[in-house]
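Just below is one structure, and these are the notes that go with it.
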There are 2 protein chains.
Amino acid sequence: MIDPAGGRQNLGLLCFYPYRALEARLLAALAAAGFDDITTAQGRIAARIAPGGTRLTALAEQALVTKQTAGHLVDQLERAGYVRRVPDPTDARARLVQMAERGRQVVAVARRVEAEVEAEWTAHLGEEVAAQLRAALERLREVTDPYR
Amino acid sequence: MIDPAGGRQNLGLLCFYPYRALEARLLAALAAAGFDDITTAQGRIAARIAPGGTRLTALAEQALVTKQTAGHLVDQLERAGYVRRVPDPTDARARLVQMAERGRQVVAVARRVEAEVEAEWTAHLGEEVAAQLRAALERLREVTDPYR
DNA sequence: ACCATTCCGTCAGATCATCTGACCATCGTC
DNA sequence: GACGATGGTCAGATGATCTGACGGAATGGT
């Protein structure tokens with residue numbers, strides 16, 4: 001976070017640039033495709049919905065926000081028709097957040113853009129370095145992502 | 001942003017985990033050191049203050065927020081004694097945001113934590129892979145950071 | 001020199017994101 | 001069946017961010 005201009009930038013900040021670039025690209029592409037009412041916060045929650053649906057609490061944990069915040073964002077996503085809540089058959093307290101049709105359309109666009117961006121990055125780095133980068137990041141995730 | 005659980009995660013999202021982990025560590029360490037009134041948004045602005053001071057507009061550009069937002073955050077940092085604004089001798093319209101004494105103390109703590117975290121990551125990955133990771137991220141920055 | 005244009009920063013107001021604290025219903029266990 | 005843990009919501013507060021409008025200062029062309 002704190003790292004003024006100086007030769008060697010810290011690894012964490014270096015990781016931030018690609019992420020931010022991807023997020024900006026995604027948001028722009030989605031807006032261009034007519035999904036112009038999505039915010040980054042909503043996206044970060046939506047990105048964690050598993051195929052069969054995911055509990056609100058699980059979404060909150062993975063996104064590192066409180067369940068209130070997650071609930072708030074899911075409310076918006078639901079009102080906009082991207083997701084729906086269905087009762088969890090295994091637990092009457094819980095509900096599963098699932099992608100609705102409109103949500104699935106968004107995912108399709110997002111996937112395409114992600115592949116596009118990744119192809120650009122690979123072109124810039126070269127196949128080998130890109131593969132090394134992916135491998136290193138995957139290993140780093142073991143110690144930086146508490147919700148694997 | 002959109003990338004539900006599935007084998008291969010996209011590179012951008014993989015980049016996010018280390019960044020988030022670092023930011024959390026920094027915030028916790030600063031709070032423990034008595035700087036418990038700093039927010040991540042303030043940190044992201046403060047991180048871009050160059051040694052001699054930086055203009056508000058430049059801070060806003062680099063952090064990818066509007067100058068209004070940057071101004072708001074600098075207001076808070078100034079009120080809390082972390083930074084100060086001085087006239088820019090080369091342009092009467094502009095002012096330079098500089099680190100104040102309290103800000104420099106924060107930077108010192110932050111630097112220490114960053115080094116600590118980076119050492120942990122390097123221990124997990126091994127020297128060679130860590131070096132590859134850094135090199136790849138630095139090259140990736142060429143195409144993902146508009147304000148180098 | 002003068003004017004138009006551009007740039008730096010602020011003010012005002014709105015909206016979105018996020019948190020803490022309190023609360024209820026249900027689950028699982030002893 | 002009573003009790004602590006878990007899933008989720010309600011209410012209220014604060015923080016971060018945006019758009020739009022503006023005033024003062026620099027800059028470049030005529």
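All chains are named by letter (A, B, ...) in the order of the sequence lines, taking the proteins before the strands, and each is independently numbered beginning at 1. Quick caveat: nothing in here was measured; it's all calculated off a predicted structure.
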Inset, instruction - Among B:Arg102, B:Gln76, B:Gln42, find the one that has a side chain to side chain donor-acceptor pair (under 3.5 Å) with B:Tyr82. - result: B:Arg102
Legend entry - Where A:Leu22 and B:Gly12 come nearest, the two heavy atoms and their spacing: CD2-CA, 3.6 Å
Inset, instruction - Nearest 0.5 Å please: distance from the CZ atom of A:Arg141 over to the SG atom of B:Cys15. - result: 12.5 Å
Legend entry - Sub-4.5 Å side-chain heavy-atom contact between B:Asp88 and B:Arg95: no
What pairs of nitrogen or oxygen atoms, one from the protein and one from nucleotides 4-6 of chain C, lie under 3.5 Å apart?
none

Legend entry - Spatial distance of atom OG1 (A:Thr122) from atom CD (A:Glu118) [nearest 0.5 Å]: 5.5 Å
Inset, instruction - Starting from P on C:dT18, measure out to CG on A:Leu56 and report it in whole angstrom. - result: 14 Å
Inset, instruction - Could you tell me whether the side chain of A:Leu96 reaches within less than 4.5 Å of the side chain of A:Arg55, counting heavy atoms only? - result: yes
Legend entry - side-chain contact (heavy atoms from CB on, under 4.5 Å) partners of B:Glu101, counting only residues at least two apart: B:Arg104, B:Gln105
Inset, instruction - Give the rounded distance in Å between these two atoms: CD of A:Gln62 and P of D:dG7. - result: 13 Å
Inset, instruction - Would you mind building the protein contact string for nucleotides 16-23 of chain D? One character per nucleotide, 5' to 3', B for base within reach (heavy atoms under 4.0 Å), S for sugar-phosphate only, - for untouched. - result: SBBBB---
Legend entry - Value in whole Å for how far the P atom of C:dC24 lies from CG of A:Asp91: 19 Å
Inset, instruction - Starting at atom CG of B:Asp37, determine the distance to atom P of D:dT14, rounded to an integer number of angstrom. - result: 16 Å
Inset, instruction - Might you point out which heavy atoms bring B:Thr54 and B:Arg48 nearest each other, and give the distance in Å? - result: OG1-O, 3.6 Å
Inset, instruction - Take atom CZ of B:Arg95 and atom P of C:dC8, then tell me their distance rounded to the nearest Å. - result: 14 Å
Legend entry - Distance (rounded to the nearest 0.5 Å) between A:Leu14 CG and B:Arg139 CZ: 14.0 Å
Inset, instruction - May I have the distance from A:Leu59 (atom CG) to D:dG7 (atom C1'), rounded to whole angstrom? - result: 12 Å
Inset, instruction - Would you mind reading off the distance between A:Leu27 atom CG and C:dC16 atom P, rounded to a whole angstrom? - result: 14 Å
Inset, instruction - Could you check how far CD of A:Glu78 sits from P of D:dG8, rounded to whole Å? - result: 13 Å
